[in-house]
Amino acid sequence: MSRVLIIIGLIIVAVGILWPWLTRIGFGRLPGDIRIVRENVSIYIPITTGLIVSILLTVVLWLTNR
């Protein structure tokens, strides 16, 4: 279990470091992400981005458990 937590932590750190470059290629503003902007409220629901992150984490964790 500790191995999995360390890997997840490293992935979070890597995404945090790479975030400026990921936003340049459109990650975080993909088709399917919902953005609602009103006068006093801004709501962002990253459905597609969340699915991609989930798939990537599933593959990485599956590979580490093999």
Side-chain angles (χ1 to χ4, degrees):
M1 182 66 172
S2 63
R3 182 178 176 192
V4 173
L5 291 175
I6 290 171
I7 291 171
I8 290 172
L10 290 173
I11 291 171
I12 291 171
V13 168
V15 169
I17 291 171
L18 297 174
W19 191 255
W21 293 285
L22 292 174
T23 55
R24 289 183 190 163
I25 61 172
F27 193 75
R29 290 173 287 173
L30 297 172
D33 292 346
I34 299 171
R35 174 176 278 164
I36 301 171
V37 179
R38 304 284 182 190
E39 291 178 12
N40 297 327
V41 177
S42 177
I43 300 172
Y44 179 67
I45 306 169
I47 295 172
T48 306
T49 303
L51 286 173
I52 291 174
V53 169
S54 175
I55 291 169
L56 289 175
L57 283 175
T58 301
V59 169
V60 167
L61 292 175
W62 181 75
L63 289 173
T64 57
N65 286 332
R66 289 190 76 196

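- Interatomic distance, Ile12 CD1 to Leu57 CG, rounded to the nearest 0.5 Å: 8.0 Å.
- Hydrophobic cluster membership differs between Val4 and Leu10, with clusters built from Ile, Leu, Val, Met, Phe, Trp and Tyr side chains linked at under 4.5 angstrom.
- Both Val15 and Leu30 are members of a single hydrophobic cluster when ILVMFWY side chains are connected at heavy-atom separations under 4.5 Å.
- Not counting sequence neighbours, the partners of Trp21 by the side-chain contact (heavy atoms from CB on, under 4.5 Å) test are Leu18, Arg24.
- Legend: side-chain hydrogen bond (donor to acceptor under 3.5 Å, both in side chains) pairs involving residues 46-59, not counting sequence neighbours, sorted by first then second residue: Asp33-Thr49.
- Under the side-chain contact (heavy atoms from CB on, under 4.5 Å) criterion, Ile34 pairs with Ile36, Ile45, Ile47, not counting sequence neighbours.
- When the side-chain contact (heavy atoms from CB on, under 4.5 Å) test is applied to Val41, the partners found at least two apart in sequence or on another chain are Ile43.
- Once rounded to the nearest 0.5 Å, the distance linking CD1 of Ile11 with CG of Leu61 reads 6.0 Å.
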